[in-house]
Structure formats: structure tokens, C-alpha cells
Amino acid sequence: MKKPAICGGTPVRDTKIFYGHQYIDDDDIKAVVDVMKSDYLTCGPKIAELEQKLCRVTGAKYAVVCSNGTAALHIAALAAGVQPGDEVITTPITFAASANCALYCGAKPVFADINEETYNIDPACVEALTTKKTKAVVAVDYTGQSVELDRLLAHCHKNNIVLIEDGAHVIGTRYNGKFNGSIADMTTLSFHPVKTVTCGEGGAVLTNSEAFYKKLLLYRSHGITRDETQMEHEPDGSWYYEQIALGYNYRMTDMQAALLISQLDKLPAFSKRRKEIVKAYNEAFSKLPQLVVQKEIPESDTTRHLYILRLNSDRLTIGRKEFFDALAAENVCCNVHYIPTYCFPYYEKLGYHRGLCPKAEKLYEEIISLPLYYAMSDQDVQDVIEAVTKIAEYYKA
Ligand SMILES: *Cc1c(COP(=O)(O)O)cnc(C)c1O
């Protein structure tokens, strides 16, 4: 049996590999430079071009791009009409922004537990937690696998609840043959560098509803309109505009939009490579009883943003922290997604406490996010598999 580097053995590789990394090519660079030489750095033609492209790529009717995925969640919650007194149901296994967007609107986040095999929000828990105050559900496609949209949508629409899909991980995934982004009431995207496509910082909301679309445009840009049909007063002249709601400056720049347009050309290749890596990991890890492979639902043809290694604690003599540190000693640098949101001190001070979602808390104790990104070589993938296998075998219970 090979000795792990953490106990003095030789690491599987000499150079560090990280859990995520963007891929930027010369086309991406040229696209940004072209904008910098043009007349518009923001509010220019690249914004509409990107929005049309996102609609083509996802099948959504409307797209509103904005400064980041968190801003996308905020304007989606505002467009859904979330306000003080309302409740918003979401999962704790997500980045904090999925729940924070409810707090931004003065509403109360309510945490629903996850399905213990897919790790996505459990529709039965959403149904059980629904009250007259429930205004929206923020369902996160964790790791890129689609949430159970059919059941969630049926429940939401029956109860007059807006379904916001936090699709920060989901671009490229299809649910029952249709791209995510064209199904829920609104779907938010993030273009942070660790996500599948990036423009540095960026986000978008996709929707098929014209009413939501108009509200999203307002909230993205100060609540200001130049559309006469929305105005309360007669225009003084052609310069005239009105502020009719309290919005924000959540706009994206044209440099970012150009970068994302160029990145989207590579999405099919990004998707293909991520699927190959996930397949190689699944094949290797499903053979080891010390490890648990995330269940895939047949409805979701998944482009994975994250690969979650779950430890089978009963079959290992070490815990997650020791496993994580042992991988780092092999130069395989991982991450953990996510700490359940309500365990953060800010949420504890709001009155949330451990024990709310036992399946989510158990998952958090057992997971490690392995390297997964387009530019990983076959050797990188083999190194990760070798490091994980070495540690899992050495510390077998
Ligand atoms: C990344 C992420 C966000 C936030 O996106 P930003 O662009 O970083 O603001 C929200 N939700 C989830 C699930 C994410 O992974």
C-alpha cells in the first residue's frame, strides 16, 4: 500500500492543482480589447448582444445581465415582489447569497432540508414548510444538477409562489431535454471565474415572463425608465426619464459582456470536458466503498460545475478534515461547498440554529470539492484519482 505524503510518502504530483480555474483564450482577450477601443465601455451594444446570445443558448425568452450572481438574485427577488413579512424557502447547501437575497428585501429565509442522495433541495420539505407568507422559493441547482423542476413548479404555481432557480452552477445543463433557464419563473446565473463560463464578475436573470423582464430592467438600473408608457408625467423633452421604483446600479460593463459572448462560444467544449472528467471520477470512486458518489437523476443531463467527493464515514478511520489535509499534501488542493448558511454567526444572531436541516448538516461534515475545470489534462485527472484512492485505501476502516 502506498504511503500518503502527509505521513512521509511521496506526493502524487510536484505542482499544486486547484479546485477550479478559468479558461481564457486569445479570442476572449481580443473581444475585450475591441470594446476598450470602441465608443462604449458600459450601456453599449455588447449588453443587448449578450442578452440575445444567452436567450439563444438557454432557450429563455428574456435575459437581463447584471454585475454579479448576487445582484441577479436580488433583482429576481424584487421582481417576484418579495417584501418585509414574506418568507422565502431555500436550501442551506449553497453560497450565502441564495438566502441573503431574501434578507435584502426584508423577508425571512426559511431553510428546507436536502435529498440525501442528490443533495438538492427536497421538494417534500419545501411543501411542508410552505405557509401563507411564502412568496418565493430559491432552488439551487447544486453542482449543476437540475433541481426537481416539475414538482417544484407544480407546487409553486398551485400556491401562487414564484420559483426562482439559483442557476449559478447550471449553465449547460438540460432538464427533460430543455435547457435550465427556460423553465422556472426566473433563473439566475453567475459568471464568477470558478463558474463554467466567466467574465470576471457578472450575472444574469433569465425569464419567459414579460412582466418580470420589465421589473428586472428597472431594478438593475436605479428604477429609472425611458419608456413613456411607464411614466406618470408628460415628458419635458427627449432627454426626459423618470425614476418610478427604488432600483440599484447593478449594470455589467461592455468589456465583461464581450468577454462572456466569447466564452459562450466555448460552452459546448467546456460542457463536454466537464462531463468527461466527472465520468472518470465516478468510475474510479464508485469502486471504493469508502466513498459515496452523488446520485444523478435521469431528468438532468448535467454539466457539472462542482465535483463533490463524499466520504463514507463508517468505512474510514479519518474524518473529512484529515482527508482534506491529506489531499493537500499530495498537492491536490480542494475546497468545501458549502457550510450550511444558517450556521454562520450572522444567521445564528437572527435566531437560526444547528439541527434545522440534519441531512444538510451531515452532508457538510462529509464532503470535499475536487478539482474540476476545462483545462485539466488527463494526467491531472489521473493524479486526482490516484491521490483520492491512495488516501481512501490507506485509511480504510
Ligand atoms: C457563485 C454563486 C452565487 C453568487 O454569485 P456571484 O456572481 O459570486 O455574486 C450565488 N449562488 C450560488 C449557488 C453560487 O454558487
Side-chain angles (χ1 to χ4, degrees), residues 19-22 50 54 63-78 82 88-105 109 111-112 114 118-121 136-147 149 152 163-173 180-181 184 186-206 216 219-220 248-253 256-257 259-260 263 274 294 300 302-308 335-342 344 347 357 360 363-364 367 369 372-373:
Y19 92 94
H21 198 271
Q22 71 273 16
L50 171 58
L54 279 170
V64 174
V65 296
C66 56
S67 45
N68 53 65
T70 304
L73 282 164
H74 188 188
I75 59 174
L78 289 167
V82 175
V88 175
I89 302 176
T90 191
T91 169
I93 297 295
T94 183
F95 185 60
S98 314
N100 287 346
C101 68
L103 295 177
Y104 295 159
C105 300
F111 294 97
I114 56 165
T118 65
Y119 319 148
N120 265 332
I121 196 165
V137 170
V138 176
V140 180
D141 306 298
Y142 175 65
T143 73
Q145 171 160 243
S146 179
V147 289
L149 279 169
L152 288 169
L163 180 63
I164 300 171
E165 191 181 348
D166 180 344
H169 303 179
V170 90
I171 197 160
T173 293
N180 290 65
M186 287 180 266
T187 302
T188 65
L189 302 176
S190 164
F191 308 119
H192 181 277
V194 298
K195 309 292 160 83
T196 301
V197 289
T198 186
C199 61
E201 295 277 4
V205 188
L206 308 171
L216 292 166
Y219 290 121
R220 171 176 68 181
Y248 298 83
N249 178 354
Y250 280 164
R251 294 187 303 262
M252 177 186 273
T253 67
Q256 291 166 313
L259 175 52
L260 198 65
Q263 285 266 300
R274 284 175 177 269
Q294 183 181 359
S300 180
T302 304
T303 292
R304 210 80 81 83
H305 155 59
L306 291 174
Y307 188 90
I308 305 300
N335 208 324
V336 171
H337 299 89
Y338 293 96
I339 302 163
T341 308
Y342 60 78
F344 289 124
Y347 277 83
C357 301
L363 178 76
Y364 165 63
I367 52 175
S369 307
L372 176 61
Y373 53 90

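Whatever order the structure lists them in is the order used to number ligands and atoms, beginning at 1. In this text the structure is predicted, and so the values were computed from the model without any measurement.
Scored by the side-chain contact (heavy atoms from CB on, under 4.5 Å) test, Tyr364 finds Arg320, Val336, Ile339, Pro340 as partners (sequence neighbours excluded). Applying the side-chain contact (heavy atoms from CB on, under 4.5 Å) criterion to Ala72, with sequence neighbours excluded, gives Cys66, Thr188, Val205. For the side-chain contact (heavy atoms from CB on, under 4.5 Å) test, residues two or more places apart in sequence or in another chain that qualify with Thr118 are Asn115, Asn120, Gln145, Lys295, Ile297.
Using modelled atom types and a 3.5 Å distance limit, the side chains of Asp166 and Tyr142 yield no donor-acceptor pair.
Here the CZ atom belonging to Phe111 is positioned 9.5 Å from the OG1 atom belonging to Thr94, to the nearest 0.5 angstrom.
In this pair, His169 and Tyr338 present their aromatic rings parallel. The plane angle is below 30°, not in the 30 to 60° band.
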Tabulating one pair per line, provide the atom names and distances (0.1 Å) for every N/O atom of ligand 1 that is less than 3.5 Å from a protein N/O atom.
| from | atom 1 | to | atom 2 | distance (Å) |
| --- | --- | --- | --- | --- |
| ligand 1 | 5 (O) | Ser190 | OG | 3.2 |
| ligand 1 | 7 (O) | Gly69 | N | 2.7 |
| ligand 1 | 7 (O) | Ser190 | OG | 2.7 |
| ligand 1 | 9 (O) | Gly69 | N | 3.3 |
| ligand 1 | 9 (O) | Thr70 | N | 2.9 |
| ligand 1 | 9 (O) | Thr70 | OG1 | 2.6 |
| ligand 1 | 11 (N) | Asp166 | OD1 | 3.4 |
| ligand 1 | 11 (N) | Asp166 | OD2 | 2.8 |
| ligand 1 | 15 (O) | His169 | NE2 | 2.8 |
| ligand 1 | 15 (O) | Lys195 | NZ | 3.0 |
| ligand 1 | 15 (O) | Tyr338 | OH | 3.1 |

